[in-house]
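Everything quoted here is computed from the prediction, not taken from an experiment.
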Amino acid sequence: QVQLVESGGGSVQAGGSLRLSCAASGYTYSSYCMGWFRQAPGKEREGVAAIYTGGGSTYYADSVKGRFTISQDNAKNTLYLQMNSLKPEDTAMYYCAAIPDRWAQTAIQALGVMSLGIGYWGQGTQVTVSS
């Protein structure tokens, strides 16, 4: 059974940092592309970052570029999102997602496929940034 479990969320002040983790199980991790999404109350879900396993290319939304870093540890089947210089507008529920790497050829393509809601999704972890 495929399972994605996020952790690492919490409450921080603006300018602070958090590292989210997404532990994956039930499938061959290295054959999947992974991504992070977020959704704030009353707003649409936003693709934040993605990593394409076939080469390790990454993609970031403009809103987080330069502040967030997506990475993975294949030995631990874990995806990470290092978030620095956090802003109040980063407040949201953060979700990780996974799709088979044959469904995309680049990280941005993978994010686009995941944004359709298909693939595997975790239950989310809350990030709250106060000013």
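When all heavy atoms are compared, the tightest approach of Ile70 to Gly35 is CD1-CA, 4.5 Å. Annotation for Ser85 and Arg67: closest pair O-NH1, 2.9 Å, computed over non-hydrogen atoms. Closest heavy-atom contact between Ser131 and Pro88: CB-CG, 3.9 Å. Residue Tyr60 comes nearest to Thr69 through the heavy atom pair OH-CA, 3.3 Å, listed as atom of the first residue, atom of the second, then distance. The shortest heavy-atom contact between Glu46 and Ser63 is OE2-OG, 2.8 Å.
Looking at Met83 and Val64, their side chains never come closer than 4.5 Å, going by heavy atoms from C-beta outward. In this structure, the side chains of Val127 and Arg38 stay at 4.5 Å or more apart for every pair of heavy atoms. In this structure, Ile51 and Trp36 have side chains that are not in contact, with every pair of non-hydrogen atoms separated by 4.5 Å or more. Within the 4.5 Å cutoff, the side chain of Tyr59 has no heavy atoms near those of the Thr106 side chain. Considering only heavy atoms from C-beta on, Tyr52 stays 4.5 Å or farther from Ile108 through its side chain. At a threshold of 4.5 Å between non-hydrogen side-chain atoms, the residues Asp101 and Cys33 count as touching.
In the hydrophobic clustering of this structure, Val129 groups with Val48; members are Ile, Leu, Val, Met, Phe, Trp, Tyr whose side-chain heavy atoms approach within less than 4.5 Å, directly or through other members. In the hydrophobic cluster analysis, where Ile, Leu, Val, Met, Phe, Trp and Tyr join through side-chain heavy atoms closer than 4.5 angstrom, Trp103 is grouped together with Tyr95. The cluster map of Ile, Leu, Val, Met, Phe, Trp and Tyr, joined by side-chain heavy atoms under 4.5 Å apart, puts Leu4 and Tyr94 in the same cluster. Val2 and Met34 end up in the same hydrophobic cluster when Ile, Leu, Val, Met, Phe, Trp and Tyr side chains are linked at under 4.5 Å. No path of Ile, Leu, Val, Met, Phe, Trp and Tyr side chains, each step under 4.5 Å between heavy atoms, connects Leu111 with Leu79, placing them in separate hydrophobic clusters.
In this structure, CD1 on Ile99 lies 9.0 Å from CG on Leu116, to the nearest 0.5 angstrom. To the nearest 0.5 angstrom, Met93 atom CE is 8.5 Å from Gln123 atom CD. The CD atom of Gln3 sits 11.0 Å away from atom OH of Tyr27, with the distance rounded to the nearest 0.5 Å.
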Quick one: side chains of residues 10-24, donor-acceptor pairs under 3.5 Å with protein atoms, not counting sequence neighbours, listed by atom name and distance.
{"unit_1": "Ser17", "atom_1": "OG", "unit_2": "Asn84", "atom_2": "OD1", "d": "2.9"}

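The pair Lys65-Asp62 meets the salt-bridge criterion, since a charged nitrogen lies less than 4.0 angstrom from a carboxylate oxygen.
Remark: the backbone N or O of Lys43 is paired with a side-chain donor or acceptor of Gln39 at under 3.5 angstrom.
Judged as a ring-ring contact (aromatic ring centres under 6.0 Å, His included), and not counting sequence neighbours, the contacts of Phe37 are Trp121.
Summarising the local packing, OH of Tyr120 is surrounded by 12 or fewer heavy atoms from other residues, nucleotides or ligands at distances under 6.0 Å.
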